[in-house]
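Okay, so here's the structure we're looking at.
Throughout, a chain's letter reflects where its sequence line sits, starting with A, and its residues are numbered from 1. Side chains are part of it too, since the values below use all heavy atoms of this structure and drop only hydrogens, waters and symmetry mates. Source: prediction; values computed, not measured.
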Amino acid sequence: MQRYDFADIEARWQDHWQRNRTFRTPGPGAPGFDPRKPKFYVLDMFPYPSAAGLHVGHPKGYVATDVLARFQRMRGCNVLHPMGWDAFGLPAEQYALQTGTHPAVATARNVAAFKRQLQALGFSYDWEREINTMDPGYYRWTQWIFERLYEKGLAYQAEVPVWWCPALGTVLANEEVIDGKSERGGHPCVRRPLRQWMLRITSYAQRLLDDLETLDWPESVKAMQREWIGRSEGAEIRFPVAGSADSFVVFTTRPDTLFGATFCVLAPEHPLVARITTPQQRADVERYRAEAEQKGELERTSLARAKTGVFTGAYALNPAYPQGDPRGRIPIYVADYVLLSYGTGAIMAVPGGDERDLEFARAHGLAVIPVVAGETYVNSGFLDGLSLEDGRKRMVDWLEERGLGRCKVTYRLRDWLFSRQRYWGEPFPILHGPDGQIRLVPDEDLPVTLPELADFQPSPDGQPPLARASGWVQVTDASGRVWQRETNSMPQWAGSCWYYLRFCDPHNARAPWDPAAEKYWMPVDFYVGGAEHAVLHLLYARFWHKVLHDAGYVSTSEPFRKLVNQGMVQAFAYRDARGALVAAEAVREAPDGTLVANGQPVERFVAKMSKSLRNVVNPDDVIREYGADTMRLYEAFMGPVTASAPWNPRDLPGVHRFLQRAWRLYETFAEPPDPEVERALHRTIAKVTGDIPGLDLNTAVAAMMEWVNTATRKGGGITRSQAERFALILAPFAPHLAEEMWQRLGHPESLAYENWPAYDPSQLQEDTVEVAVQVNGRLRGRVLVPAAAARAAVESAARAAVADKLEGATIRKVVVIPDKLVNFVVG
RNA sequence: GGGGGAGUAGCCCAACCGGCAGAGGCAGGGGACUUAAAAUCCCCCCAGUGCGGGUUCGAAUCCCGCCUCCCCUACCA
């Protein structure tokens, strides 16, 4: 028998699968499609093909979904298991700016590298369904969906303040600006209003919130989405401005504390500020507004900052107090801790009840009226003495009767800023007319292809790069009028909002997908990806999906039924006594067990893999040394899929040895079966079958190891039937080796669609079981009894086993747990 | 401050609805095979479950109060 030559085995089977199109998945209507089979759609979050290539962390989730996909195929499902590329995005554009390589070229190269690495791991993707968001045949339909959003009134233009960096000549995202300076280069940035496209995700806030209940998702992700949506119930209350016809509306979650409102605060950008500011205060207010404009929301709302603000000189009238009551005349301030974009951009400040307001009041010497004492109200007129619950209701009723306010629900969720001033993204299918009118590009003229541009540097005046594609921008219609194309591009999220739908029917040139294919495959049954997408991607995709559902284009109201976040694969990193990072490959273990590098002791810690820590592990190296099957198995065996764990090179030989031992069992076969080995195999099949659906892959692998150990130890050789069944359950984890085993057993075809082996429940139980015997909960002995023996028989056997301990004692109670234990309670 | 999760052998990790703390792997020790080594095989060693209470015949598991670590979020009125 030849040794376990993984390099040879893996190359041959990967070639076999490709040549035989083993994992091609026909959809409804296609030849070879069997509509009687149940479907299973198992999806990975598709990657952004970065220049760095894969590291061993990426495949952790891919291994899990591949095990599941291969398992479900063998269980008789039509399995949709596709892969594609989230190819538009900033890094490729920045790389292009630095190197002069066109993003399309660089991205295509990265895709090829990613694909080679994924194929080297033997994943059973249907590569014939591969999609790429930068492909015009794909983004044509991204544009098409945008048009449906526009038609529904869910896409609109607005002037929105964004970060602008004059030195870089570009608009930056919030996270690219730190302390008012660009992350790259540290250039000063300013807030500047620019025309932007927005998507009205807020009109779906309540449904996005409610439908979370229907999803089998991690509680943490649901919690994050709930918080992001941020529903809060309260009231809007109108405050007149003293001595003027003006008034403004505040939002508060505590209308019942109205009697304690001793001042009001408007956001600096609030439109009323200019009108009500008195001449004496105007200079201060203007200066404050100018400063606030330069700060991003992140900075303005950072906790560490002291509460700043200035008085407008104007007063508001607290509607809780009768006209003329001096307590009702309260100053109006401008302060940047109030945000225009939340609620109404104005608050009533109740320093007696709210910490932020109290801090502000103290800093500015403002009055504080306590209104809540223990479980009831004080200083609150008609609310005094009421319970807090009744008080809220009373106050809202009181306000509504007088037309001063009303119940109101607000959300923290904001509309989605959907445009970027970038080159490398989907163009909008929008035309601007000579008189400012807006028109959609007709469906039949889609896609609006991205023009070739040699220079994608943003212009100094804030114009997006596309504005310079002059031949592209101008469009003349039949009547000779000249239209201008929209020159913003879509953000990177756009393509990933619907890619899971395109996978259902990826080559359709007449529609984004065939309704029959969508109806058959959707929803995604199992979605695996990193927790970093817990909010944005998953919320945006849910939003688009609901819009498409409302418009009748998709059959389900939610796209992803079950979601799992795979844990991070970390790595060891090292630093020396001075704290300097040391490359992982330079570290050796000294005989006394300490770690040294270049003669110096180093300290080991666990961290994210990153270039700067010099601890990135490349799957190519692992595959070269141990093979893809070992790598897959190790990733499955590291621990729960959801848990993060460091990549530990020392553990790889263990799983590799397991595959070698398993392979060695296939040398010769023997009859009849050893009953113990046979029973153990049934237990193993039961364990693996039960573990895979919940992705408890580590325990499934452990069970297979246990069986191989048992079979090896018995030494009598396994039977051909046992060899077949074991190869089949090993197949989802180590598919190359399993195929090789299967072929060695005389099967010419791939085992990918063989039936998953069954187990006999009657074989799971041993004939004899050992039962623990306790006295007062303490272990005092053990007895062997027939499995499922009668209670009385077990009890008397147990009683005999601990007779000496029971002598002279009164037995008050006997607890018998069948096949487990007997406990004598003596008094 | 708020939310989510985790603490079990030297290390990674199991233990279902409360029922003998251990499946598996690594590391360590001993032995077999070998001229020797590698590889392989067999055997062994090791914790009472972060801390303190409670419920129970019985708690890693349930309840209460703490500690530590990780992740997310944070002036949202």
Side-chain angles (χ1 to χ4, degrees), chain A residues 3 218-224 226-228 230 232 234 250-254 257 265 297-298 300-305 307 335-339 341-350 353-357 359-360 410-414 531-532 534-535 565 567-568 570 589 593 606 633-634 637-640 642-646 648-655 657-658 660-661 664 683 687 690 696 698-709 712-713 715 770-782 812-827:
Chain A
R3 66 191 181 87
E219 204 41 57
S220 59
V221 176
K222 291 203 218 179
M224 277 189 257
R226 269 184 216 113
E227 283 166 24
W228 191 263
S232 85
V250 305
F251 173 71
T252 175
T253 54
R254 294 298 304 273
T257 62
V265 183
E297 247 181 45
L298 284 177
R300 276 172 56 173
T301 58
S302 90
L303 193 61
R305 280 187 69 241
K307 297 269 174 302
D336 66 7
Y337 78 92
V338 173
L339 308 174
S341 48
Y342 184 77
T344 60
I347 63 161
M348 63 180 213
V350 184
D354 184 285
E355 235 176 275
R356 296 156 303 180
D357 297 343
E359 200 190 316
F360 191 89
T410 57
Y411 300 89
R412 232 179 67 149
L413 183 70
R414 313 290 163 80
E532 66 274 18
V535 177
N565 293 129
M568 214 191 307
Q570 300 144 317
E589 194 177 338
V606 169
L633 211 59
Y634 174 64
F637 187 59
M638 282 177 85
T642 51
S644 293
N648 190 349
R650 285 229 268 203
D651 287 338
L652 278 158
V655 282
R657 269 201 287 272
F658 158 66
Q660 283 178 323
R661 304 171 113 207
R664 212 170 297 122
R683 273 202 307 272
K687 179 75 178 148
D696 294 324
N698 51 335
T699 50
V701 173
M704 290 188 287
M705 287 174 164
E706 196 179 352
W707 185 76
V708 168
N709 290 347
T712 303
R713 185 161 21 81
E770 195 180 54
V771 167
V773 185
Q774 297 179 335
V775 177
N776 282 347
R778 296 200 172 181
L779 186 65
R780 292 300 184 209
R782 301 165 196 278
R812 312 178 85 91
K813 188 173 171 183
V814 182
V815 181
V816 180
I817 307 297
D819 296 347
K820 295 270 187 184
L821 67 66
V822 178
N823 186 14
F824 295 99
V825 184
V826 301

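Within the 4.0 angstrom heavy-atom criterion, only backbone atoms of the sugar-phosphate kind lie near A/M638; the bases stay farther away. Nucleic acid contact for A/E532: none, since no nucleic acid atom lies under 4.0 Å from a heavy atom of the residue. Across all strands, A/P646 comes closer than 4.0 Å to no nucleic acid atom at all (heavy-atom distances). Nucleic acid contact for A/R713: sugar-phosphate only, since backbone atoms but no base atoms lie under 4.0 Å from a heavy atom of the residue. As judged by a 4.0 angstrom heavy-atom cut-off over every strand, A/Q774 is placed among the base-contacting residues. Note on A/T410: nothing from the nucleic acid sits closer than 4.0 angstrom, heavy atoms only.
Pairing for B/A6 is with B/U68, a Watson-Crick or G-U wobble pair whose two hydrogen-bonding atom distances lie under 3.5 Å. Searching all strands for a Watson-Crick or G-U wobble partner of B/U34 with both distances below 3.5 Å returns nothing. Figure legend. B/A27 is base-paired to no nucleotide; pairs are counted as Watson-Crick or G-U wobble with both atom distances under 3.5 Å. Partner assigned to B/G48 is none, using Watson-Crick or G-U wobble distances below 3.5 angstrom.
Nearer to the 5' terminus of RNA chain B, by closest-nucleotide assignment, is the contact made by A/S220 (compared with the other of A/S220 and A/K813). Checking A/G343 against A/M224, the closest nucleotide of RNA chain B that is more toward the 5' end is the one next to A/M224.
For the side-chain hydrogen bond (donor to acceptor under 3.5 Å, both in side chains) test, no residue two or more places apart in sequence or in another chain qualifies with A/R780. With sequence neighbours excluded, the residues that form a ring-ring contact (aromatic ring centres under 6.0 Å, His included) with A/F360 are A/F263, A/Y333, A/Y337, A/H364. For the side-chain hydrogen bond (donor to acceptor under 3.5 Å, both in side chains) test, residues two or more places apart in sequence or in another chain that qualify with A/E219 are A/R226. Every residue two or more places apart in sequence or in another chain that forms a side-chain contact (heavy atoms from CB on, under 4.5 Å) with A/N823 is listed here: A/Q774, A/V815, A/L821, A/V825. By the salt bridge (charged side-chain N to carboxylate O under 4.0 Å, His left out) test, A/D696 pairs with no residue at all, sequence neighbours left out. With sequence neighbours excluded, no residue forms a side-chain hydrogen bond (donor to acceptor under 3.5 Å, both in side chains) with A/N565. Checked against side-chain hydrogen bond (donor to acceptor under 3.5 Å, both in side chains), A/S220 has no partners two or more places apart in sequence or in another chain.
Anti is the glycosidic conformation of B/C64, whose angle departs from 0 by more than 90°.
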Identify the pairs formed between an N or O of the protein and an N or O of nucleotides 59-63 of chain B at a distance under 3.5 Å, and give each distance.
none

Short N/O separations, protein against nucleotides 26-29 of chain B, under 3.5 angstrom:
unit_1: B/C26; atom_1: OP1; unit_2: A/R657; atom_2: NE; d: 3.1
unit_1: B/C26; atom_1: OP1; unit_2: A/R657; atom_2: NH2; d: 2.4
unit_1: B/C26; atom_1: O4'; unit_2: A/D651; atom_2: OD1; d: 3.3
unit_1: B/C26; atom_1: O2'; unit_2: A/D651; atom_2: OD1; d: 3.4

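Within the 4.0 Å cut-off from OP1 or OP2 of B/A14, at least one side-chain nitrogen or oxygen of A/N698 is found. Residue A/R664 places at least one side-chain N or O under 4.0 Å from the OP1 or OP2 atom of B/C41. Neither OP1 nor OP2 of B/C41 sits under 4.0 Å from any side-chain N or O of A/T712.
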